[in-house]
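The chains referred to below are lettered A, B, ... by the order of the sequence lines, with proteins before strands, and numbering in each begins at 1.
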Amino acid sequence: MMTPEKLPEATEKVLAGLSADENLKHRIVVAATSSAPERRRGGRLVPVLLCSLVTLMIIAVFLLGGKKPLSRPSDLETITTFTAGDASVTEESAGEQEP
Amino acid sequence: MNQQECAAGSEALSFDQLYERYATDVLRVAYYYLGNRDQAEDVTQDVFVRLIASRPALEPGREKAWLLKVALNRCRDLWRGGWFRKMVLGHPGFELFPAPDEIGSVADECALAEAVNRLRPEFKEVVLLFYYQGYSVSEIAEMLEIAEGTVSSRLSRARGKLQSELKGEDDR
């Protein structure tokens, strides 16, 4: 029966075809050289994004702050309403229709 | 970083030397852990990319321990991350890659390798470092950042599981 002590020899036999080759080495070198500039770009990108976000928030606050709130009754524009069949409206509209 | 030195001092090894000496060990440990060749290669890539990027000051003679430690950490992350997928889709088969002239004569070795692959991750780690890579209990404790007693007890339990699995194989 095999024992765990024989693991190195067993591995040499059953994983003989699994080894770190030149292709993997090439992949590593490519990944290492391409990841370095990305990391630097990412490092600059974060503060730029944060600044843009803060600027947008400030603009949004100014825009919203400049508007009068509609909840105050005094600020609301009054809209004249007429009930259906109101004689005054009928007369006015009849007068408007005439050239 | 071809000629970049990975350690301080005159005995520092270059990336090429480190890759030549230890990459296959890192790859095979990751493969035992994950049972997936593509993921094992990704782990090996991550480990060496990190070596190039962070340029750690490795003590001469302890480079392999650093590489294996980083590899096992990465394997653990991948293992945890793929937990749901594994539960739904099941474990991929543990494929073996014997030399062409040895196919058919390595049944016992295959059984041992498969039994190691089937161990739970915490047992697999100590078995691979102790039996496959030849580290001592104290070195493993330092690498895995656990107590020596924990390493010993995991080794003992892993040995028991392996023996019962292999005995079961023999009885069949």
- Query: Just wondering, do B:E109 and A:M2 contact through their side chains at under 4.5 Å, heavy atoms?
  - Reply: yes
Can you give me the closest heavy-atom contact between [X] and [Y], atom names plus distance?
X      : Y     : value
B:L162 : A:P4  : CD1-CG, 3.8 Å
B:P98  : A:A16 : C-CB, 4.4 Å
B:I52  : A:A32 : CD1-CB, 3.7 Å

Point-to-point distance, once rounded to the nearest 0.5 Å, from [atom1] of [X] to [atom2] of [Y]:
X     : Y      : atom1 : atom2 : value
A:T11 : B:L128 : OG1   : CG    : 8.0 Å
B:Y19 : A:D21  : OH    : CG    : 5.5 Å
A:E5  : B:L112 : CD    : CG    : 9.5 Å
B:F15 : A:I28  : CZ    : CD1   : 5.0 Å
A:L24 : B:L27  : CG    : CG    : 6.5 Å

- Query: Is B:R28 reaching over with its side chain to a backbone N or O of A:S19, donor-acceptor style, under 3.5 angstrom?
  - Reply: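 Judged by distance alone, no pair lies under 3.5 Å.
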- Show your reasoning for whether side chain to side chain contact (heavy atoms under 4.5 Å, CB included) applies to B:F97 and A:V14. CA-CA 5 Å; B:F97 306 93; A:V14 300; over 6 Å; no
Is chain A contacted by the side chain of [X], its backbone, both, or neither, given a heavy-atom distance below 4.5 Å?
X      : value
B:V116 : side chain
B:Y32  : side chain
B:R37  : side chain

- Message: Salt bridge check, B:D16 against A:K25: does any charged N sit closer than 4.0 Å to a carboxylate O?
- Response: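 Yes.
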- Is B:D42 salt-bridged to A:R27, going by a charged N under 4.0 Å from an acidic O?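 Salt bridge: yes.
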- Under a 4.5 Å side-chain heavy-atom rule over Ile, Leu, Val, Met, Phe, Trp and Tyr, are A:V54 and A:F62 clustered together?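 As far as the 4.5 Å side-chain criterion goes, A:F62 and A:V54 are connected within one cluster.
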- Message: Heavy-atom count check: over 12 atoms from other residues, nucleotides or ligands less than 6.0 Å from B:E20 CD?
- Response: no
